[in-house]
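One structure is given here, and the rest of the page talks about it.
Any value given below was found using the heavy atoms of this structure, including those in side chains, with hydrogens, waters and symmetry copies removed.
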Amino acid sequence: MSLKSARARMRIGPAFEYAGKWLYQASGLPLEITEEHGNWRQVRDCDGVSGWMHRSLLASDRTAIVGPWLKEMTALRTQAEKTSFTKAELEPRVRVRIRSCTLSWCNVVIDKDQISGFVEKSALWGVGCFADPSSLAPTQSVYEESRLAWVFDVA
């Protein structure tokens, strides 16, 4: 899930009558949905700021941010392998558009620079948390595990 609008107000409660908590001015910003109430979604950003947004402000476009917790840049690679060529080094908080993901890698695009490649999933915020299928109970699936942990990452 991502921010659709170039200007979107996060509120302290699920209605227009509630006070604004934060004004976002970043279309495409990835957000995690933590709760739903009618047309309102409680969302959390990569800094842990949480509040309510009307669903009309949100898009199903998949975006992510290079991990704000990272102390070093992360590699944008030509293939989904640690040994493949590094096309670019991405600083923490760089926003990327997600083309697709596997359990370990995401194929991403940086629209501003028209560059694409692969980033390790563990270096991105906003792509969900997929468990290793071998660690799941026989009745669980990766899909169910990811839906429970990261609602926004489920189609």
Side-chain angles (χ1 to χ4, degrees), residues 1-77 80 82 86-132 142-155:
M1 186 65 52
S2 63
L3 200 56
K4 182 191 299 186
S5 177
R7 290 177 52 95
R9 190 170 310 278
M10 178 185 279
R11 298 186 177 276
I12 61 172
F16 289 113
E17 294 77 24
Y18 284 96
K21 181 176 185 177
W22 198 257
L23 178 64
Y24 288 89
Q25 297 182 10
S27 178
L29 185 74
L31 296 168
E32 174 187 14
I33 294 178
T34 58
E35 192 174 331
E36 296 184 11
H37 182 76
N39 288 325
W40 291 85
R41 305 295 182 260
Q42 186 174 44
V43 297
R44 181 172 35 228
D45 69 16
C46 69
D47 295 315
V49 175
S50 182
W52 293 87
M53 289 188 168
H54 192 270
R55 70 182 182 121
S56 65
L57 299 172
L58 304 173
S60 60
D61 299 338
R62 294 185 66 199
T63 62
I65 290 180
V66 175
W69 61 87
L70 297 174
K71 302 292 184 216
E72 297 178 10
M73 292 195 276
T74 194
L76 177 69
R77 301 194 180 274
K82 286 187 179 195
T86 299
K87 291 175 87 170
E89 293 284 336
L90 306 178
E91 293 182 352
R93 296 189 176 273
V94 167
R95 193 175 327 145
V96 298
R97 183 170 43 90
I98 304 296
R99 286 181 167 168
S100 63
C101 290
T102 64
L103 287 175
S104 304
W105 293 88
C106 288
N107 184 351
V108 304
V109 177
I110 302 169
D111 289 320
K112 180 181 174 186
D113 299 320
Q114 292 299 306
I115 186 169
S116 63
F118 295 85
V119 176
E120 286 189 82
K121 195 172 190 178
S122 61
L124 297 172
W125 187 93
V127 291
C129 176
F130 289 97
D132 176 347
V142 172
Y143 174 82
E144 291 169 337
E145 184 68 19
S146 67
R147 184 175 57 82
L148 293 171
W150 300 89
V151 176
F152 74 97
D153 196 34
V154 175

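The CG atom of Leu29 sits 8.0 Å away from atom OG of Ser2, with the distance rounded to the nearest 0.5 Å. One distance of note links CG of Asn107 with SG of Cys101; it measures 8.5 Å at 0.5 Å rounding. Taken to the nearest 0.5 Å, the CG atom of Leu124 stands 5.5 Å off from the SG atom of Cys106. Rounded to the nearest 0.5 Å, atoms OG (Ser100) and CH2 (Trp105) are 13.0 Å apart. A distance of 8.5 Å separates CD of Glu32 from OG of Ser50, quoted to the nearest 0.5 Å. Distance CG/Leu57 to CH2/Trp40: 7.5 Å, rounded to 0.5 Å.
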Residue pair Leu90, Met73: steps toward the side-chain contact (heavy atoms from CB on, under 4.5 Å) verdict: CA-CA 5 Å; Leu90 306 178; Met73 292 195 276; 5.8 Å; no
Do Glu36 and Arg55 pass the salt bridge (charged side-chain N to carboxylate O under 4.0 Å, His left out) test, and can you show the C-alpha distance, the side-chain angles, and the key distance before you say yes or no? CA-CA 9 Å; Glu36 296 184 11; Arg55 70 182 182 121; over 6 Å; no
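Taking both residues in full, the closest heavy atoms of Trp125 and Pro30 are given as CZ3-O, 3.4 Å, listed atom of the first, atom of the second, then distance. Listed here is the closest heavy atom pair of Pro92 and Leu70: CG-O, 3.4 Å. Considering every non-hydrogen atom in both Leu3 and Ala8, the closest pair reads CD1-CB, 3.5 Å. Here the closest non-hydrogen pair linking Ser122 and Trp69 is O-CZ2, 3.4 Å.
Side chains of Val43 and Tyr24 form no contact here, defined as non-hydrogen atoms less than 4.5 Å apart. Residues Met53 and Arg41 have side chains not in contact (no heavy-atom distance under 4.5 Å, counting atoms from C-beta outward).
Classification of the Trp52-His37 ring pair by plane angle, with boundaries at 30° and 60°, yields perpendicular.
For Glu72, the CD atom counts as loosely surrounded, since its 6.0 Å shell holds 12 or fewer non-hydrogen atoms of other residues, nucleotides or ligands. Counting non-hydrogen atoms of neighbouring residues, nucleotides and ligands closer than 6.0 angstrom, the CD atom of Gln25 exceeds 12 such neighbours.
Under the salt bridge (Lys or Arg N to Asp or Glu O under 4.0 Å) criterion, no residue pair touches residues 3-14, with sequence neighbours excluded. Sequence neighbours left out, the pairs with a member in residues 93-104 that pass salt bridge (Lys or Arg N to Asp or Glu O under 4.0 Å) are Asp47-Arg93, Arg97-Asp111.
Among Val119, Ile110, Thr63, Ile115, the single residue meeting the side-chain contact (heavy atoms from CB on, under 4.5 Å) criterion with Val96 is Ile110.
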